[in-house]
Amino acid sequence: MDKELNFKNIFLYYLFFMIPFSLLFAFLSLFNKWPIQFNDKPTYGILGFVVCIAFTPLWAFLFTCLTWVALFTGRLFYNMFLKITKIKK
């Protein structure tokens, strides 16, 4: 993987990973087969479809934030370890 793993790329990877699942659950909700929990109430039909599709970018953003923080904290500790042990990359 030659690309730099920046915030935008991580977000797009998560978004495109989640879209098929969101569409599946949205269609199941549209046809009253699977509830979408919204404000602690099961939601079906068109509202369930819209809620599922609308919240997909939010979930992708939240996962991206967690992943980005974890990766760059790990990178910081790794670079500190290399500096302390005087190992070159």
Which value, rounded to the nearest 0.5 Å, describes the distance between [X] atom [atom1] and [Y] atom [atom2]?
{"X": "Ile87", "Y": "Phe81", "atom1": "CD1", "atom2": "CZ", "result": "5.0 Å"}
{"X": "Thr67", "Y": "Phe7", "atom1": "OG1", "atom2": "CZ", "result": "9.5 Å"}
{"X": "Leu71", "Y": "Thr64", "atom1": "CG", "atom2": "OG1", "result": "10.5 Å"}
{"X": "Leu5", "Y": "Phe72", "atom1": "CG", "atom2": "CZ", "result": "6.5 Å"}

Does Tyr14 have any ring-ring contact (aromatic ring centres under 6.0 Å, His included) partners at least two apart in sequence or in another chain, and if so, which?
->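 Residues passing ring-ring contact (aromatic ring centres under 6.0 Å, His included) with Tyr14: Phe63.
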
Excluding sequence neighbours, so at least two apart, what forms ring-ring contact (aromatic ring centres under 6.0 Å, His included) with Phe21?
->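 Counting only residues at least two positions away or on another chain, Phe21 forms a ring-ring contact (aromatic ring centres under 6.0 Å, His included) with Phe17.
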
Is any side-chain heavy atom of Lys8 closer than 4.5 Å to a side-chain heavy atom of Leu12?
->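 Contact flag for Lys8/Leu12 side chains = yes.
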
Report all side-chain donor-acceptor pairs from residues 22-50 shorter than 3.5 Å, counting only partners two or more places apart or in another chain.
from, atom 1, to, atom 2, distance (Å)
Ser22, OG, Met18, O, 3.2
Ser22, OG, Thr56, OG1, 2.7
Ser29, OG, Thr43, O, 3.3
Thr43, OG1, Ile36, O, 3.4
Thr43, OG1, Lys41, O, 3.4

Linked, directly or transitively: Phe77 and Trp68 (ILVMFWY side chains, under 4.5 Å) =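 As far as the 4.5 Å side-chain criterion goes, Trp68 and Phe77 are not connected within one cluster.
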
Leu76 and Val69: same hydrophobic cluster, using ILVMFWY side-chain contacts below 4.5 Å?
->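 Not linked; separate clusters.
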
Flag the pair Phe55 / Trp59 as yes when their ring centroid distance falls below 6.0 Å, and as no otherwise.
->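 No, the ring centres sit 6.0 Å or more apart.
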
Which heavy atom in Phe11 sits nearest to a heavy atom in Phe61, and how many Å separate them?
->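 Smallest heavy-atom distance, with atoms named: CE1-N, 3.6 Å.
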
